[in-house]
Amino acid sequence: MQLTQFTDFSLRVLIYLVRLPEPGMATIPEIADYYRISRNHLVKVVNTLANAGLLVTMRGKGGGLRLARPADTITIAEVVRLTEPNMNLVECFDPKASHCRIDRGCFLKAILYEARKDFLAALERHTLADAARMGSGTESRT
């Protein structure tokens with residue numbers, strides 16, 4: 001399974017904000033330049049994260065964005081669930097789109113459901129604070 005670029009960028013934005021010195025405000029151009037990614041993509045990411053209540057955005061001079069909640073209260077799983085369009089590992093996870101001929105007698109689906117559940121459970125055990133600490137230190141700006 002591979003997470004989408006949108007999820008990757010979302011996690012990068014959040015980790016960037018966690019690693020800022022207090023009070024923790026940053027701008028989209030600042031983050032885009034740091035990671036060398038498109039500002040247009042980040043606008044969409046920031047909008048999604050703000051609408052979900054993970055970010056606070058402020059316009060105007062001195063504005064920017066910051067975390068809406070403490071980093072140790074936001075799990076990686078919460079971000080992944082928010083930003084991934086679906087977690088369908090195989091076609092048969094979506095009954096409307098599935099054309100699988102062996103669906104009724106297939107045990108693979110149950111195994112993959114278990115794997116997805118375990119994957120999300122592992123992400124549920126880790127917060128943004130953990131992810132910011134776990135890095136190699138090469139991204140730290142402090």
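FYI, side chains are in, hydrogens and waters are out, and symmetry mates aren't considered; it's all heavy atoms of this structure.
The aromatic rings of Tyr34 and Tyr16 stand perpendicular to each other, their planes meeting at an angle above 60°, with 30° marking the opposite boundary.
The side-chain heavy atoms of Asp8 and Leu3, taken from C-beta on, include no pair separated by under 4.5 Å. Looking at heavy atoms from C-beta onward, Gln5 lies out of side-chain contact with Ile37 at the 4.5 angstrom threshold. Two residues are said to be in side-chain contact when any heavy atoms from C-beta on lie closer than 4.5 Å; Thr127 and Ile76 fail this criterion. Inter-residue side-chain proximity for Val18 and Leu67 is flagged as met; some heavy-atom pair is nearer than 4.5 Å.
Summarising the geometry of Thr27 relative to Gly64, their closest heavy-atom pair is CG2-CA, 4.5 Å, with the distance given to 0.1 Å. Taking all atoms of both residues into account, the shortest heavy-atom contact from Tyr35 to Val13 is CE1-N, 4.5 Å.
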Give the table of side-chain donor-acceptor pairs shorter than 3.5 Å for residues 44-55, with sequence neighbours excluded, one pair per line with atom names and distance.
residue	atom	partner	partner atom	Å
Asn47	OD1	Asn51	ND2	3.3
Thr48	OG1	Lys44	O	3.1
Asn51	ND2	Asn47	O	3.3

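Using a 3.5 Å distance cut-off with no hydrogens or angles, the side chains of Thr7 and Ser10 do not pair a donor with an acceptor.
Residues satisfying the side chain to side chain donor-acceptor pair (under 3.5 Å) criterion with Glu78, sequence neighbours excluded, are Arg69. Applying the side-chain contact (heavy atoms from CB on, under 4.5 Å) rule to Ala32 yields the partners Arg39, Leu42; only residues at least two apart in sequence or on another chain are considered.
To the nearest 0.5 Å, atom CZ of residue Arg125 and atom CG of residue Leu120 are 11.0 Å apart. Summarising the geometry, atom CG belonging to Asp130 is positioned 8.5 Å from atom CG belonging to Asp72; distances are rounded to the nearest 0.5 Å.
Side-chain atoms of Glu124 never come within 3.5 Å of backbone atoms of Thr75 as a donor-acceptor pair (strictly under, hydrogens ignored).
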